[in-house]
Amino acid sequence: MTAHPGTDDATLRQVEQRVLWLASAIVDHANRVRPNPSGLKVGGHQASSASITTIMTALWLETLGPEDRVSVKPHASPVLHALEYLLGQLPAEKLTTLREFGGLQSYPSRLKDPVPADYSTGSVGIGATAPIWGAIARRYVNTQFGTGGAGRQWSLVGDAELDEGAVWEAVVDPMVAELGEVVWVVDLNRQSLDRVVPTFGATRLQGMFAAAGWQVLTVKYGALLEELFTRDGGPELRDRIDTMTNPEYQRMLRRTAAELREHLPGDGEGAAAVAGLIAGVADEDLVAAVRNLGGHDLAALRAAFGQIDDTRPTVVLAYTLKGYGLATEGHPQNHSALLSEAQLHELAARVGVDPADPWAPFDPGSAPAELLAGAAARLRRTEHEGAKAPAVPSDLGRTPSGTATTQAALGRTLLDLNRAAPEAGARVVTVSPDVSSSTNLGGWVNKVGVWSAEDRRDWFSDDPETILHWRERPSGQHVELGIAEVNLVGLMGELGSTWNRWDQPLLPIGVMYDPFVSRALEPWSFGVYAGGQSILVGTPSGVTLAGEGGAHQSITTPSIGLEQPGVVTYEPAFALDTEWCLLASLGRLGRPDGTSAYLRLSTRPVDQTLASVPEDPAARERRRRQVVAGAYALRRVTDPSVTVVTMGALVPEALAAADRLAGLGHPADVVVVTSPGLLFRALQARRGQDDAPTAVLDQAFPAERATPMVTVLDGHPHTLAFLAGVHRVPAVHLGVTRCGQSGDLASVYAHHGIDTDAVVAAALDLVD
């Protein structure tokens with residue numbers, strides 16, 4: 001870390017104090033100055049911002065380069081905005097809009113803030129790990145296209161975020177240990193929302209990071225304390241503070257000098273030595289020394305940043321004070337506390353700001369202004385022109401025959417895409433948490449290889465019994481992580497952001513067992529919110545996994561796809577449906593108006609002749625458009641008595657039920673739903689609540705064929721229940737509402753009431 005030429009720590013400290021003021025004033029304005037007709041709490045985090053102000057000021061003004069990317073802890077967004085303003089990126093009028101509609105977001109956002117953040121944060125733990133996946137995505141772009149650039153990937157992490165299991169899943173992933181560009185700075189203020197954490201174990205953290213192969217740098221004390229430690233009684237003072245509990249230490253911050261002289265020595269063996277040492281320290285210096293932690297000491301931070309080893313990931317454990325420099329400093333309930341008007345004015349006086357002109361910049365030509373101008377010039381980034389995503393064909397021309405599964409169709413489609421459209425195929429990158437072979441990606445992996453930053457020898461290449469060939473090389477297009485779904489979707493989000501981060505659109509597809517989609521949903525959803533466009537494939541799915549038992553049977557995932565913003569969900573019934581839905585989903589990726597997709601696939605073998613794919617090219621194209629739009633009529637009869645609507649693996653039961661109903665004198669139309677989400681949007685649009693196309697409703701559910709309806713799927717029945725409202729017909733909705741159990745397929749379907757008998761009985765109840 002090198003200071004800006006011609007400046008000194010005094011100038012840097014002036015900027016730090018102005019950042020502290022601006023961050024505090026931004027929150028104050030949002031809560032006390034801006035009109036608030038509703039009276040509801042606006043919120044903001046002055047104390048959490050104050051704890052990291054020194055770290056962020058030092059980083060932005062001395063350390064960061066233009067290609068570096070930083071994930072800022074959520075509650076420090078006012079500090080980020082203060083720095084953006086001082087560096088000339090954010091206009092002053094925006095400082096009054098924190099948490100206002102259309103203004104500065106509560107937490108840093110890539111898509112919604114006026115100055116796009118490098119990483120969106122706000123969901124605890126997810127923003128912290130995002131730069132890890134950003135580093136891998138950048139390396140991938142570099143090895144494939146040579147345009148990913150360089151630069152460190154920084155995470156500014158609140159220590160409470162380290163309670164999240166997702167953090168440690170990422171830290172220990174085998175691929176992470178070689179990412180030397182990853183640097184975490186942990187704001188170790190030892191306070192959570194409600195309290196001072198009583199036994200925060202920094203030593204334990206050091207061991208955990210070190211065991212995962214990380215470089216660990218600890219910045220505990222500042223120059224004042226370090227100098228005291230060199231005097232007589234200094235070792236005893238260090239030992240006293242080191243062994244002090246967090247609550248006791250925090251209480252020291254709220255004591256006067258006289259109280260410190262009484263309480264700081266304690267009653268241990270070194271008490272007399274400590275008392276003797278501090279007896280010779282002036283009151284003002286004693287009060288300052290107690291709070292002189294390394295995370296607020298510019299020299300200590302500079303030294304730590306200068307020691308970063310770029311051959312492995314680094315964590316800097318920086319001891320800080322929550323509320324540093326504010327009247328609320330060290331108070332156990334300062335998390336959301338607001339400075340009073342008097343306290344804010346005291347802060348203004350100390351940093352030399354007029355509260356009546358809170359956003360005044362530094363005088364032109366002053367040392368702080370020159371320092372900021374130099375930093376702004378150094379951090380200026382190259383504007384990206386943007387690159388179009390490759391064209392993806394809509395139909396590869398095959399018509400599957402025989403028996404096949406939608407899961408197997410995934411791998412087959414990827415291989416066919418590589419041959420039919422190599423430019424698009426080259427942009428596909430698959431990600432899996434150690435389930436490549438069991439999700440039918442083996443053929444694809446054998447063809448394209450496994451991605452690695454460097455070539456690695458495949459020791460089983462000459463083994464004739466090896467079916468899945470694990471060829472690791474920089475040109476590979478499959479990335480394999482450990483068994484951690486959260487890591488997988490985190491990486492998907494960053495691979496899906498390369499189109500607007502480095503002008504290199506990728507087509508990321510992540511595959512996991514469908515029962516675990518719920519585990520991965522929050523980080524995947526957050527990645528979608530942050531602009532990451534990807535395809536999540538959940539397979540195998542449903543109670544159709546009869547032999548696997550309830551633990552591996554998904555129930556709610558169909559409705560999750562229906563309800564997830566920014567995502568088109570598909571559950572295809574046939575192999576060709578899978579191809580069409582996957583190609584359509586790939587075609588929506590890597591674009592400013594793009595969307596992510598969720599495909600729910602099955603391992604159930606289905607006779608592909610049941611799809612009755614039209615031979616006529618125009619009729620085939622009409623079927624394809626309906627499949628990707630959300631639904632199509634698989635069987636039409638004369639004068640139907642009932643409509644059976646089904647999805648995915650249960651098409652055979654729906655068709656068998658229709659045959660039996662016809663024999664009972666109740667002809668049935670059979671409609672296959674491929675996307676309940678698109679159908680719901682169409683219905684909302686018909687009612688003026690959305691702008692989605694509506695033609696699919698007229699094609700799949702024409703008014704002249706409206707009859708009582710039975711819906712059936714391998715998932716929760718409410719997923720399709722809204723379809724009865726298309727024409728307000730009587731309906732029965734069949735699906736899975738109980739946890740599953742092991743058994744043969746027929747027994748499990750009967751247990752849940754989704755077999756052919758159940759469909760026939762439900763239809764008869766409606767028409768008899």
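Each residue takes its place number in the sequence, starting with 1.
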Inset, instruction - Dump the intermediate steps for salt bridge (charged side-chain N to carboxylate O under 4.0 Å, His left out) on Arg473 and Asp455, then the final yes or no. - result: CA-CA 4 Å; Arg473 55 200 180 195; Asp455 283 298; over 6 Å; no

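- Rounded to the nearest 0.5 angstrom, Asp187 CG and Leu317 CG are separated by 11.0 Å.
- The backbone N or O of Gly122 lies less than 3.5 Å from no partner atom in the side chain of Lys73, so there is not a single donor-acceptor pair.
- Between His478 and Val429 there is no side-chain heavy-atom pair separated by less than 4.5 Å.
- For Trp133 and Tyr140, the ring centers are positioned 6.0 Å apart or more.
- At distances below 3.5 Å, at least one donor-acceptor pair connects side-chain atoms of Thr406 with backbone N or O atoms of Ser602.
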Inset, instruction - Determine, stepwise, if the pair Ser525 / Gln564 fulfils side-chain hydrogen bond (donor to acceptor under 3.5 Å, both in side chains). - result: CA-CA 7 Å; Ser525 173; Gln564 177 60 48; 3.1 Å; yes

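- A side chain to side chain contact (heavy atoms under 4.5 Å, CB included) with Arg152 is found for one member of Val70, Thr314, Val182, Val183 and no other, namely Val183.
- Once rounded to the nearest 0.5 Å, the distance linking CE of Met492 with CG of Leu481 reads 11.0 Å.
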Inset, instruction - Using the salt bridge (charged side-chain N to carboxylate O under 4.0 Å, His left out) rule, take Glu494 and Arg138 through it: C-alpha gap first, then chi angles, then the decisive distance, then the call. - result: CA-CA 9 Å; Glu494 292 308 314; Arg138 182 189 61 78; over 6 Å; no

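- Val517 is listed as a side-chain neighbour of Met512, based on a closest heavy-atom distance under 4.5 Å.
- Of the possible donor and acceptor atoms, none in the side chain of Ser109 sits under 3.5 Å from a partner among the backbone N and O of Gln105.
- Atom-to-atom distance recorded for Glu181:CD and Arg69:CZ is 12.5 Å, nearest 0.5 angstrom.
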Inset, instruction - Before giving the answer on salt bridge (charged side-chain N to carboxylate O under 4.0 Å, His left out), spell out for Arg456 and Glu178 the whole-Å C-alpha distance, their side-chain angles and the decisive distance to 0.1 Å. - result: CA-CA 14 Å; Arg456 293 177 179 169; Glu178 61 189 35; 2.9 Å; yes

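- In summary, Asp118 and Arg381 engage in a salt bridge, as defined by a charged side-chain N under 4.0 Å from a carboxylate O.
- Between Leu589 and the choices Ile535, Val392, Ile509, the side chain to side chain contact (heavy atoms under 4.5 Å, CB included) rule is met once, by Ile535.
- Between Trp580 and Arg625 there is no side-chain heavy-atom pair separated by less than 4.5 Å.
- Put simply, the side chain of Asp416 reaches to within 4.5 Å of the side chain of Arg398, judged on heavy atoms.
- Within the 4.5 Å cutoff, side-chain heavy atoms of Ser554 are placed close to those of Arg600.
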Legend entry - Criterion side-chain hydrogen bond (donor to acceptor under 3.5 Å, both in side chains) on Asn500 and Arg110, from CA distance to verdict: CA-CA 11 Å; Asn500 65 357; Arg110 285 194 68 215; 3.0 Å; yes

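- Looking only at distances, no side-chain donor or acceptor of Glu84 sits under 3.5 Å from a matching main-chain atom of Gln89.
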Legend entry - Test log, rule side-chain hydrogen bond (donor to acceptor under 3.5 Å, both in side chains), inputs Thr539 and Asp514: CA-CA 5 Å; Thr539 184; Asp514 196 65; over 6 Å; no

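- Ring centroids of Trp184 and Trp154 are separated by 6.0 Å or more, keeping the two rings apart.
- In this structure, the separation between CG on Leu536 and CD on Glu485 is 10.0 Å, given to the nearest 0.5 Å.
- Under a 3.5 Å cut-off, the side chain of Gln407 and the backbone N or O of Thr603 do not form any donor-acceptor pair.
- In this structure, Tyr598 and Trp524 have perpendicular ring planes: the angle between them is above 60°, well past the 30° mark.
- The closest donor-acceptor contact from the side chain of Gln215 to the backbone of Gln307 lies under 3.5 Å.
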